[in-house]
Amino acid sequence: MARNGILIDYEFCTGCKTCEMACKVEHSFPRGKNGIVLAEVGPWKLDSGKWQNSIVAIPTDLCDLCEDRVKAGKEPTCVHHCQAAVMKFGPVEELAREMAAKPKTVLFAPR
Amino acid sequence: MATKTERPWTWTEGDLTATRTCRWSAPGCHDGCGVVYYTKNGKLVKVEGDKDSPVYQGRLCPRCLSLPEIVNYDKRVIYPMKRVGPRGSGEFERISWDDAYDLIVKKTREIQKDYGPESIVTMIGTGRNIWGIVPYLTHAGFESPNFAMGMLAGDSCYLPRAAIMGAIQGDFTIVDCAQQFEARFKDPRWKKPECIIFWGNNALVSNPDGFMGHWIVDCMKMGTKLIVVDPQATWVATRAEYHIQLRPGTDAAVGLAMLNVIINEELYDKEFVDNWCSGFEELKEHVQKYPPERAAAISWVPAQTIIDAARFYAKSKPAAIQWGLAVDTQIAGIDVAWIICILRAITGNLDVPGGDIMIRGAYDAPIANAASVWGFHELPREMQEKRLGVDKYPLYKMGFAATSNGDCCLEAMESGRPYPIKMLWLETTNPLVNTAAESKRVLAGMQKVPFIVNVDPILTPTSIAVADLLLPACNSPERDSIRGWWVPLRSISKVCEPPGEAKTDEEIVLELGKRLNPKKFPWKDVKDMLSWCIRKSGLTFEQLEQQVYKFPDFEYKKYEKGLLREDQQPGFNTESGRFECLATVFQEWDVGLDVLPEHREPIESPMSTPDLYREYPLVYTAGGRQIMYFHSENRQQALNREFAPWPVVKINTNDAEKLGIHDGDWVWIENFRGRIREKAKVTPAILEGVVHADHGWWFPEKTAPLTKDTENRLHSGPDGPSGLFGGFEANANVLTSMCTTGPSGYGAPIKNTICKVYKAEYGLDDERNVAEMLRLDLNVKMAEVV
């Protein structure tokens, strides 16, 4: 069976926390726990004068890729609601091919 | 043009009912996002983004996602409540709606007779879905000219921009992100902006004025480049071609220097300037006073950055400027807005694809639109002229005002001049912790108004401190309404019943209006009123609900086609028909206003008050936001507080080191008007020498009632917390000032004063905070029971 995953283009993730809230309310995870958590790196300045300022959403061990939603023909809730539209759900082989074309992407295969 | 969708408006999913609609207030924000509400047995259980929304494609921010928690909150106000203890006691008793309306009508008639209807002032919060109905209630119901934004100094929320747009160009503009086209970016008429300037807003978080901040990200992915004007290195600033990281309150100097470069290097659109502008020669002479070097000295921005950014913007075709509150919240508010309008115009970006499009509300619906003046012009002339602010401020006198001036409202409360305020109607506004600057002074001023009605879904610090009558308001999923700000026209469908006897804003306005002035409120019910408001769309409210969206026709370059003016001639909707770089209307009225924009140094600043600055050596800018909150909303939500539990003040790494402050420390932020505590975020992202404080904070989990000393003054007792839900403990506006606006009456220095910062022994999350003796020293005499 093909493994599914989530491809994230973190060049454009704005850290809006929609994925965190969507996951939380979808699965009613308790306080302090969630199926996806943002990690922020920066902001700090590089020698070039540009900023290092990346935010990457990391699925945790609680993430089941919204199995019930997917069975009902929907996308995982984080992917559905992402305001920057930087998340994609699908088979990891397909998503991996997209990674080759775009820098600053990350592919998570939680299960 | 009807929106086609395969999906029906409402359907079932398992044991849930799903309904496509839009969300607006309460709770609010300036957008009206497309949602699918899921209800079970009549209760709202889930909110998802509507993938069939052409405007949002199913995207939502955290606040819509956690909306069920707001709607199902067990401490909502659900009955009309009359105050029975003193103000500040939090002692209310339930009364019926009939009794509540009777009391309001009785007070209204008394005041109209003894003082005149002008002594009744209504106020609303920002981004509320009541922008048309509350003005109408004010002017047609109470027959008063005084509708205001809740105690807002300098009316510093969009209105300075609205006023100058009216004076020099005749219409509003917004950034073209294809929100006017159902096919959006795929519409063949649309072009992507090559450059967008983010000026004085953090739109990804604030989503101001009908603009979804993340449309900028859509454009960035297509290759749009950014210029950001902000003292903070926000996310967009860290990805911008140019970051103009300026001292708060110096935007006019920067903008005039940009015009200096663009005009002197002849980078402007000569054809547009020759054919459609006036006052250009005077402008050209004027900006010679603002070479980049002068702007650099004022703004702390390197001159070369200003020069390079100006060239880049002018050479990018098309380009657009996305603006926000920081433009308004300075005494040069009108000037900054004016300069930005000129930049757009002379670079040839007005009403072109990918530029700054001229826009009006959908189908002229008088409600659900910003700056609605519904009912005002039907008041007798003498009553219109009594509007607070008209006698003092030229722009108000000239009619470029959609509201009564907030500072003039306060002065009338304090002094009884030009006339006393005898009744205040506060509808979903929380002035004491949000809109009001100089919060402690406003608390004292409002105490002098003998009868105050507060319409809100929940108790706020304002409710406890000043309200005599509480009316329970509905949240958006409990409300039939519409949105016509800007386009498309959208329906807002009620999907669940409110708890208790809460009513929607439309219901309250219609029911009260019928009791006050039935001729002016002829509609039989809310849906009838909504259908009347949208009649130019060709749809009834029920028909609109089926499709949710309706897009009016849209044309670019309306000024060429005679689509802007009443006489239907080509040109702008100004007297001259031209875009006016020099405001001839100020000249004609001869009211002592500059006819060209200027830099105005903030009144409390390193340059204006160098002595004070020695003691308060940091520039204080407030109004910081976190995505979990819209102004003072959402603090009662466990979900949102989990992600963002406390107010944050950003302090530069170097400044923090000098002060011995570490990331996460609680700090006092203090100036000559008071002090507050917030949690320090130590970061290189905020400009050195500037601190950036969150605003709108209060703590529903803290105690409501105030304790008073023997002289009836407010303070905290030996074992009492500060009360008012901690509304003065982290309230950024404790430090800011009322009645200190720009010469036009517009623009208050809410985002630019000075302060000092030092470590606090402990913070608001500490147990000791609950029992300590906080020296609030509010020194306010509480009103007795009315």
Side-chain angles (χ1 to χ4, degrees), chain A residues 9-34 36-38 40-46 48-55 57 66 68-69 71-89 102 104-105, chain B residues 13-14 33 35-36 45-51 56-69 202-205 207 212-221 232-241 243 626-628 637-645 650 653 683-686:
Chain A
D9 178 355
Y10 66 88
E11 181 181 355
F12 294 108
C13 171
T14 64
C16 74
K17 296 186 179 285
T18 277
C19 53
E20 289 186 326
M21 181 63 88
C23 183
K24 187 77 139 175
V25 299
E26 178 74 27
H27 301 285
S28 302
F29 289 130
R31 196 172 172 80
K33 301 182 186 179
N34 210 353
I36 194 161
V37 177
L38 295 185
E40 220 176 309
V41 183
W44 33 265
K45 264 217 163 132
L46 302 161
S48 61
K50 288 190 187 286
W51 287 94
Q52 160 62 48
N53 187 14
S54 302
I55 303 134
C66 280
D68 291 341
R69 286 178 62 92
K71 275 207 190 95
K74 295 186 179 186
E75 290 175 305
T77 187
C78 54
V79 175
H80 176 126
H81 291 106
C82 174
Q83 289 191 78
V86 295
M87 299 176 88
K88 236 174 171 170
F89 168 76
K102 173 91 183 40
K104 294 200 171 179
T105 49
Chain B
E13 267 180 47
C33 290
V35 292
V36 177
V45 296
K46 196 151 95 152
V47 179
E48 286 190 13
D50 177 14
K51 277 201 140 353
Y56 303 104
Q57 302 87 37
R59 301 183 272 183
L60 279 184
C61 90
R63 290 187 304 271
C64 268
L65 289 163
S66 66
L67 185 57
E69 191 179 36
N202 191 8
L204 295 176
V205 180
N207 302 285
M212 187 201 179
H214 281 76
W215 290 336
I216 298 279
V217 177
D218 296 341
C219 290
M220 287 166 72
K221 289 180 188 174
Q232 196 188 168
T234 54
W235 187 90
V236 282
T238 61
R239 283 152 168 81
E241 297 305 293
H243 180 197
Q626 300 190 54
I627 188 72
M628 293 295 158
Q637 292 187 261
L639 282 168
N640 300 46
R641 291 290 295 278
E642 183 184 337
F643 288 109
K650 297 190 192 81
T653 316
T683 170
I686 185 66

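Residue numbers start from 1 in every chain, and the chains themselves are labelled A, B, ... in the order their sequence lines are given, proteins ahead of strands. Given the structure is predicted, the values throughout are model-derived calculations rather than measurements.
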*Atom CG in B/Leu65, atom NE2 in A/His80: separation rounded to 0.5 Å?*
8.5 Å
*Which pair of heavy atoms, one from A/Ala85 and one from B/Arg59, lies closest together, and at what distance?*
CB-NH1, 4.4 Å
*Taking the side chain as every heavy atom from C-beta outward, state whether B/Phe643 and A/Leu38 have any pair of such atoms under 4.5 Å apart.*
no
*Distance (rounded to the nearest 0.5 Å) between B/Cys64 SG and A/His81 NE2*: 9.0 Å
*Pick one of side chain, backbone, both or neither for B/Thr683, based on which atoms fall under 4.5 Å of a heavy atom in chain A.*
side chain
_For A/Trp44 versus B/Pro684, what's the shortest heavy-atom pair and its separation?_
CA-CG, 4.5 Å
_As an exercise: rank A/Gly32, A/Cys19, A/Ala72 by heavy-atom pairs under 4.5 Å with chain B and give me the winner._
A/Gly32
_Salt bridge present between B/Arg239 and A/Glu11 (N-O < 4.0 angstrom)_ = no
_To the closest 0.5 Å, what do you measure between CZ (A/Phe12) and CD1 (B/Ile216)?_
12.5 Å
*side chain to side chain contact (heavy atoms under 4.5 Å, CB included) between B/Lys46 and A/Glu26: does it pass, once the steps are laid out?*
CA-CA 8 Å; B/Lys46 196 151 95 152; A/Glu26 178 74 27; 2.8 Å; yes
*Rounded to the nearest 0.5 Å, what separation is found between the CZ atom of A/Arg31 and the CG atom of B/Leu639?*
9.5 Å
*B/Glu642/A/Lys33 salt bridge by N-O under 4.0 Å criterion*: no
*Among B/Gly58, B/Ala685, B/Ala240, B/Ala638, who wins on heavy-atom pairs under 4.5 Å with chain A?*
B/Gly58
*For the student: nearest non-hydrogen atoms of A/Val25 and B/Ser66, plus distance*: CG1-CA, 4.5 Å
*Considering all heavy atoms of both residues, which atom of A/Gln83 and which atom of B/Leu60 are nearest to each other, and what is their separation?*
CG-O, 3.3 Å
*Examine distances only and state if a side-chain atom of B/Lys221 and a backbone atom of A/Ala84 form a donor-acceptor pair shorter than 3.5 Å.*
yes
*Part of B/Ala644 within contact of chain A (heavy atom distance under 4.5 Å)*: neither
*Determine the minimum heavy-atom distance between A/Thr18 and B/Pro62, stating which atoms define it.*
OG1-CD, 3.3 Å
*If every non-hydrogen atom of B/Trp235 is compared with every non-hydrogen atom of A/Asn53, which pair is closest and at what distance?*
CA-ND2, 3.9 Å
*Let me know if A/Lys24 has heavy atoms under 4.5 Å from chain B in its side chain, its backbone, both or neither.*
side chain
*Quick one: CE on A/Met21 to CD on B/Glu69, what's the gap to the nearest 0.5 Å?*
7.5 Å
*Against chain B, label A/Lys102 side chain, backbone, both or neither, depending on which of its atoms sit under 4.5 Å from a heavy atom there.*
neither
*Where does A/Cys13 contact chain B at under 4.5 Å (heavy atoms): side chain, backbone, both or neither?*
backbone
*asked:* Is B/Glu48 in contact with chain A via its backbone, its side chain, both, or neither, using a 4.5 Å heavy-atom distance?
replied: both
*asked:* side chain to side chain contact (heavy atoms under 4.5 Å, CB included) for A/Gln52 and B/Thr238? Distances and angles first, verdict last.
replied: CA-CA 8 Å; A/Gln52 160 62 48; B/Thr238 61; over 6 Å; no
*Name the region of A/Asp9, side chain, backbone, both or neither, that has any atom closer than 4.5 Å to a heavy atom of chain B.*
neither
_Region of B/Ile627 in contact with chain A, defined by heavy-atom distances below 4.5 Å_ = side chain
*asked:* What part of A/Cys16 gets within 4.5 angstrom of chain B, counting heavy atoms only: side chain, backbone, both, or neither?
replied: both
